[in-house]
Participant: 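Let me begin by handing over the structure; questions about it come next.
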Amino acid sequence: MRTWHYIVPVITVMCLWAAFLRADDQAERTLPLTSQPVALASSAPKPASETVKVRTPLQVGRVCGIAIQDDLKTVYEMKGEPVQIETSPENKRERVLIYEDCRIGLLDQFVRYVTVPAAARQIEINSSLVNMRLDELRELLGDPYHVGEDGLVYRYGQTALKLTLDETGEQLEAVDFFHVAAG
């Protein structure tokens, strides 16, 4: 009986350590990277041809000025009046605010998702405008967290960004930003 007294804390610590390592490993996979040139370390300066690209993390926190944790008041402050408002016939608590550049889905008074159609031509990610071109977005976002049948998913903690593709996988249809529990 005394043996369990010592083993249980050890097993608990081992489980916590394993969870920490999994979270650390997942964090490395889920943070897409962008390229920045950096000179090689050396005592003598190297010519520009001897630079390497180092990938630094990119965190997507806002799309079209909207964050997933924003409420209805913040959406109106950031975007103004929508062009149109749709209400779900199945659930009156769900609404979609339609703007010229995006669709913002709400559940109750909180943002559930932001969708930007490829026809928008540009998308605002973290206050930077990016062309709605698959190659440019992939370069910016780096390696996806998950490759699905209909797109590439980039995960950032509790939020995700999805590049929704056509059936050929070569044309961008939309960019979806959402909370992972809603996706």
Side-chain angles (χ1 to χ4, degrees), residues 23 26-35 55-183:
Q26 185 175 9
E28 288 178 19
R29 287 189 321 244
T30 61
L31 295 177
L33 306 172
T34 58
S35 301
R55 300 183 48 87
T56 55
L58 170 72
Q59 280 284 352
V60 176
R62 293 189 171 273
V63 170
C64 294
I66 303 300
I68 294 303
Q69 69 271 15
D70 286 347
D71 61 6
L72 181 61
K73 181 181 178 214
T74 304
V75 171
Y76 273 85
E77 288 171 357
M78 299 295 290
K79 303 289 289 176
E81 287 286 326
V83 175
Q84 183 179 350
I85 300 174
E86 294 177 354
T87 304
S88 170
E90 297 88 30
N91 186 349
K92 298 296 182 195
R93 295 177 15 206
E94 291 183 24
R95 289 183 284 169
V96 178
L97 306 180
I98 301 171
Y99 291 90
E100 290 186 21
D101 62 340
C102 66
R103 296 170 61 91
I104 301 172
L106 301 169
L107 179 62
D108 294 324
Q109 300 295 315
F110 296 95
V111 174
R112 188 171 180 191
Y113 66 86
V114 178
T115 296
V116 182
R121 303 185 66 170
Q122 288 188 322
I123 183 172
E124 181 185 342
I125 299 176
N126 295 345
S127 302
S128 297
L129 283 177
V130 181
N131 290 326
M132 288 285 284
R133 292 176 37 112
L134 182 57
D135 58 339
E136 289 185 36
L137 288 166
R138 288 189 75 172
E139 168 112 13
L140 174 71
L141 299 170
D143 297 328
Y145 170 77
H146 174 73
V147 178
E149 291 180 17
D150 62 344
L152 309 171
V153 178
Y154 300 85
R155 188 166 173 183
Y156 309 97
Q158 294 301 311
T159 61
L161 186 103
K162 180 178 181 181
L163 304 181
T164 304
L165 307 175
D166 67 357
E167 57 278 345
T168 68
E170 296 178 12
Q171 292 292 328
L172 183 66
E173 290 186 345
V175 175
D176 301 300
F177 184 52
F178 55 94
H179 191 282
V180 293

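The first residue in the sequence is number 1, and the count goes up from there.
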Participant: Of Glu173, Glu167, Lys162, which meets side chain to side chain contact (heavy atoms under 4.5 Å, CB included) against Asp150?
Facilitator: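 The side chain to side chain contact (heavy atoms under 4.5 Å, CB included) with Asp150 is passed solely by Lys162 among Glu173, Glu167, Lys162.
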Participant: Applying side-chain contact (heavy atoms from CB on, under 4.5 Å), can you list everything that pairs with Val96, at least two apart in sequence or on another chain?
Facilitator: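 side-chain contact (heavy atoms from CB on, under 4.5 Å) list for Val96, sorted by chain: Glu86, Ile98, Arg103, Tyr113.
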Participant: Measure the shortest side-chain to side-chain distance between Glu170 and Leu134 over non-hydrogen atoms and say whether it is less than 4.5 angstrom.
Facilitator: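 A side-chain contact is absent here, since even the closest heavy-atom pair is not under 4.5 Å.
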Participant: Less than 4.5 Å apart, any side-chain heavy atom of Leu137 and any of Ile123?
Facilitator: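 Of all side-chain heavy-atom pairs linking Ile123 with Leu137, at least one is under 4.5 Å.
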Participant: If every non-hydrogen atom of Leu163 is compared with every non-hydrogen atom of Arg138, which pair is closest and at what distance?
Facilitator: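 Answer, listing the atom of Leu163 first, then Arg138: CD1-CG, 4.1 Å.
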Participant: Would you say Leu165 and Leu172 make side-chain contact, with heavy atoms under 4.5 Å?
Facilitator: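 Yes, side chains in contact.
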Participant: Could you work out, with salt bridge (charged side-chain N to carboxylate O under 4.0 Å, His left out) as the rule, every residue matching Arg112, not counting sequence neighbours?
Facilitator: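 Glu94.
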Participant: Let me confirm one number: the CG-CG distance from Leu141 to Leu161, rounded to the nearest 0.5 Å.
Facilitator: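 Result: 6.0 Å between the selected atoms.
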Participant: What pairs with Gln122 under side-chain hydrogen bond (donor to acceptor under 3.5 Å, both in side chains), at least two apart in sequence or on another chain?
Facilitator: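 Result, side-chain hydrogen bond (donor to acceptor under 3.5 Å, both in side chains) vs Gln122: Asn131.
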Participant: Mind checking the CZ-CE spacing from Arg121 to Met132? Nearest 0.5 Å is all I need.
Facilitator: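 Going from CZ on Arg121 over to CE on Met132, the span is 11.5 Å.
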Participant: Does the side chain of Asp176 come under 3.5 Å of the side chain of Thr115 through a donor N or O and an acceptor N or O?
Facilitator: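 Note: Asp176 and Thr115 side chains meet the donor-acceptor criterion.
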Participant: Side chains of residues 73-81: which donor-acceptor partners sit under 3.5 Å, not counting sequence neighbours?
Facilitator:
| unit_1 | atom_1 | unit_2 | atom_2 | d |
| --- | --- | --- | --- | --- |
| Thr74 | OG1 | Asp71 | OD1 | 2.7 |
| Lys79 | NZ | Asp101 | OD1 | 2.9 |
| Lys79 | NZ | Asp101 | OD2 | 2.8 |

Participant: For the pair Asp108 (side chain) and Phe110 (backbone), establish whether a donor and an acceptor sit closer than 3.5 Å, ignoring hydrogens and angles.
Facilitator: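 Answer holds: no.
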Participant: Which distance, rounded to the nearest 0.5 Å, do you find between the CZ of Arg93 and the CD of Gln109?
Facilitator: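 Result: 11.0 Å between the selected atoms.
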Participant: Does Val60 reach the side chain of Tyr154, with side-chain heavy atoms less than 4.5 Å apart?
Facilitator: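 Sidechains of Tyr154 and Val60: no contact.
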Participant: Can you tell me how far OG of Ser128 sits from CG of Leu140, rounded to the nearest 0.5 angstrom?
Facilitator: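 With rounding to 0.5 Å, CG (Leu140) is 8.0 Å from OG (Ser128).
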Participant: Just so I know, are the side chains of Cys102 and Val63 near enough to count as touching, which here means a heavy-atom distance under 4.5 Å?
Facilitator: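 No - every pair of side-chain heavy atoms lies 4.5 Å or more apart.
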Participant: I'd like to check the salt bridge (charged side-chain N to carboxylate O under 4.0 Å, His left out) partners of Arg62; sequence neighbours left out, ordered by chain and number.
Facilitator: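 Per chain and number, Arg62 pairs via salt bridge (charged side-chain N to carboxylate O under 4.0 Å, His left out) with Asp70.
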Participant: Can you sort out the partners of Ser127 under side-chain hydrogen bond (donor to acceptor under 3.5 Å, both in side chains), two or more places apart, ordered by chain and number?
Facilitator: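 Residues passing side-chain hydrogen bond (donor to acceptor under 3.5 Å, both in side chains) with Ser127: none at all.
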